[in-house]
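In listed order, ligands and their atoms are each counted from 1. Not measured: the values here are computed from a predicted model.
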Amino acid sequence: MKILFIGDIYGRSGREALEAHLPRLKTKYQPDFLIINGENAAHGRGITSKICGQLYDLGADCITTGNHVFSQKETLFFIGDDPNLLRPLNYPEQTPGNGYGVFTTSAGKKVLVANLMGRIYMDVLDNPFRVADALLDRYKLGKDVDAIFIDFHAEATSEKCAFGHYMDGRVSAVIGTHTHIPTADTVILDGGTAYQTDAGMTGDYNSVIGADKDVPVQRFVRGYAANHMSPAGDTGSVCGTLIETDDATGLAKAISPIRIGGRLPSTEND
Ligand code: FE2
């Protein structure tokens, strides 16, 4: 099975880049399942029901999020009615929405997608390692589901790397999000789990992680923020990761980074 994951959509530049390039990526790679992290899709902070609709229209089977999931207050009210939109699973139990979902592809294969958040330099939620253990006690790869994909939304590379190794052999893929910078470590770990520390954002890279660069640069120079940040508005790059799983075991057979558009070097030269 081929799973295409698209990294954090950031503002209008990200949405437009996705609209411009996703059809070509879908034609070229023919993914069986498409997951998009949309937590910065609404002006850099959160997601709206309208944008969720746009991502579904583009073919998203599941939308993951992270620490900004509730930055648009409306999300608190509609996420409970949208099983395809996930928030981090390690929020407290009564939090609106779902932290994972089991989805069925058009070929009848079952894909479990879970969204978890790290705790280093982030709001401290429940221990994502323990929460993942509890989930995987209930769902065995290759037996209960055909693939398990985890979007691990975290800041610290060490925590992400450790989480990948902890999941190794139990899930198809652990792909990191949140830092908005794609990392060059797409690998299949020893036990067969595809791993990348961060898929990178889908947005304008002439920015500070998606935001118009002047305000964050001056914030570091002065030590305080003089203005609110807003999304950078130039042409965006689409960043993502393609994973191919073994139909019998659910483990990964291949992983490759995807970059197209904007100012990043492209992986799509043909
Ligand atoms: Fe984030």
Considering non-hydrogen atoms only, spot the tightest contact between Thr65 and Leu86 and give its length.
->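 In this case the closest contact between Thr65 and Leu86 is OG1-O, 2.6 Å.
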
Does Asp204 reach the main-chain N or O of Asp234 with its side chain, forming a donor-acceptor pair under 3.5 Å?
->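 Answer holds: yes.
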
Flag for Asp198-His178: side-chain donor and acceptor within less than 3.5 Å |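 Side chains of His178 and Asp198: no pair found under 3.5 Å.
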
So, is [X] placed with an N/O/S atom under 2.8 Å from the Fe ion (ligand 1), counting both backbone and side chain?
X      : answer
Asp8   : no
His68  : no
Thr177 : no

Identify, by name, the N, O or S atom of [X] lying closest to the Fe ion (ligand 1).
X      : answer
Glu39  : OE2
His153 : NE2
His178 : ND1

Validation row: Tyr56, Asp82 side chains within 4.5 angstrom (heavy atoms) | yes

Heavy atoms, side chains only, cut-off 4.5 Å: are Met1 and Val111 in contact?
->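 Yes; the side chains approach each other to less than 4.5 Å.
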
